[in-house]
Amino acid sequence: MTADTQNRIISWHSAPSKPSYTPPPGAIDAHCHVFGPMADFPFSPKAKYLPEDAGPDKLFALRDHLGFARNVIVQASCHGTNNAATLNGIAKSGGKARGVAVVDPAISEAELAALHDGGMRGIRFNFLKRLVDDAPKDKFLEVAGRLPAGWHVVIYFEADILDEMRPFIDAIPVPVVIDHMGRPDVTQGPDGTDMRAFRSLLQSRDDIWFKPTCPDRLDMARPDGTGGDPWNAFAEAVAPLVADYQDRVIWGTDWPHPNMDKAIPDDGHIVDMIPRIAPTAALQQKLLVTNPMRLYWPEEL
Ligand code: 0GY
């Protein structure tokens, strides 16, 4: 299905609650997106979903409402390899946002340098078949080998392909960040098959980072069986991972929650998960400030 045959969808909460948890000064929402606005930044003809506009003004209002200081805007699949909407968000942030791009692997060095000047600090490889048509590993490795200095690669995949991803991840010549921990089944618990496989990946290199994010995507269980909060299985499975790999974790809201239009999460509740996966002030400082600063604003450290 192409974007122009779909209705535009809203996937974000219209009035997110104020979280009980207050992030530390300088906290970074290191996984969020912007959609459009479509009139200025049309969606890709290959987009698998067509969202309503969720531009930088909305994102920055949410940032302030939730108590964050900065954003890392990850190029969403609906914008394909045209990074103009994400670059616009970064430009409008007044230095409070940086980004992760999605590129055509044939991109030139000059174009990569321009993305760097626009605030990008990494590229994302998306392996979810429901979001992208193809993910050519050989071409991805080629471009990963000629990124600007200090950049990293962000990878999005699901747990069922982790094994087949291992040789590819091994070959990436820069630091790697895994979105949403590679989407483990958190209901298996902290020692379940998926978490053990993910831990094995983390053991294989000391420069693989991850985002302990998206309780709303990974934990649909709820006492009344309807899905959504309170995300107990997520907290139980993820807290030990954060404690064990505390220098390699970064966190984000995932706003505007692409494709979550059926069970839209309250961003205040998402933020209130932070002390449940990172219970001490020291862990929270690493997760929300020190670690993302190392990846996205290292010159300020
Ligand atoms: C996420 C997750 C999703 C979508 C995208 O680029 C995207 O469209 O990342 C998803 O649908 O699981 O991280 O935002």
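Ligands are counted one by one from 1 in listed order, and the atoms in each one are counted from 1 as well. Atoms considered below: every heavy atom in the structure, side chains included; atoms not considered: hydrogens, waters and symmetry mates. Quantities reported herein were computed from a predicted structural model and do not represent experimental measurements.
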Exercise. Quick one: look up the protein heavy atom nearest atom 1 (C) of ligand 1 and list residue, atom name and how far away it is.
Key: Asp254 OD1, 3.1 Å

Quiz item: Can you list the atoms of ligand 1 that are under 4.0 Å from a heavy atom of Pro258?
Solution: 4 (C), 11 (O), 14 (O)

Self-check item: Enumerated ligand 1 atoms positioned under 4.0 Å from heavy atoms of Leu131
Solution: 3 (C), 4 (C), 5 (C), 8 (O), 10 (C), 11 (O)

Quiz item: Of all the atoms in ligand 1, which lie at a distance below 4.0 Å from a heavy atom belonging to Tyr49?
Solution: 7 (C), 8 (O)

Practice problem: For Asp261 and Ile10, indicate whether the former's side chain and the latter's backbone hold a donor-acceptor pair under 3.5 Å. | Solution: no

Quiz item: With distance as the sole test, does Asp194 use its side chain to make a donor-acceptor pair with the main-chain N or O of Pro184 at under 3.5 Å?
Solution: no

Exercise. Identify the heavy atoms of Pro19 and Gly268 that sit nearest to each other, and give their distance.
Key: CB-O, 3.6 Å

Quiz item: Nearest protein heavy-atom contact for atom 6 (O) of ligand 1: which residue, which atom, what distance?
Solution: Ser77 N, 2.7 Å

Quiz item: Is any side-chain heavy atom of Leu147 less than 4.5 Å from a side-chain heavy atom of His152?
Solution: no

Practice problem: Without swapping roles, check the side chain of His31 against the backbone of Ile250 for a donor-acceptor pair under 3.5 Å. | Solution: no

Quiz item: Do Arg217 and Asp254 meet the salt-bridge criterion of a basic N to acidic O distance under 4.0 Å?
Solution: yes

Quiz item: Tell me, which protein residue and heavy-atom name are nearest atom 13 (O) of ligand 1, and how many Å apart are they?
Solution: His180 NE2, 2.7 Å

Quiz item: Quick one: which of Arg124, Arg130, His79 has a heavy atom closest to atom 11 (O) of ligand 1?
Solution: Arg130

Self-check item: Over-ring placement of Arg70 relative to Trp297, 6.0 Å and 45° cut-offs
Solution: yes

Quiz item: Does Val74 approach ligand 1 within less than 4.0 angstrom via side chain, backbone, both or neither, non-hydrogen atoms only?
Solution: neither

Quiz item: For ligand 1, is Met260 a contact, meaning one of its heavy atoms is under 4.0 Å away?
Solution: no

Quiz item: Does Ala243 offer a backbone N or O that forms a donor-acceptor pair with the side chain of Gln246 under 3.5 Å?
Solution: yes

Self-check item: Under-4.0 Å heavy-atom contact with ligand 1, by part of Arg183 that carries it
Solution: side chain

Quiz item: For ligand 1, is there an atom lying under 4.0 Å from some heavy atom of Asp179?
Solution: no

Exercise. Using non-hydrogen atoms of the residue, decide whether Arg217 is closer than 4.0 angstrom to ligand 1.
Key: yes

Self-check item: Lys211 and His180: side chain donor to acceptor below 3.5 Å
Solution: no

Quiz prompt | Ala76 neighbourhood, listing ligand 1 atoms whose heavy-atom distance to it stays under 4.0 Å | solution = 6 (O)

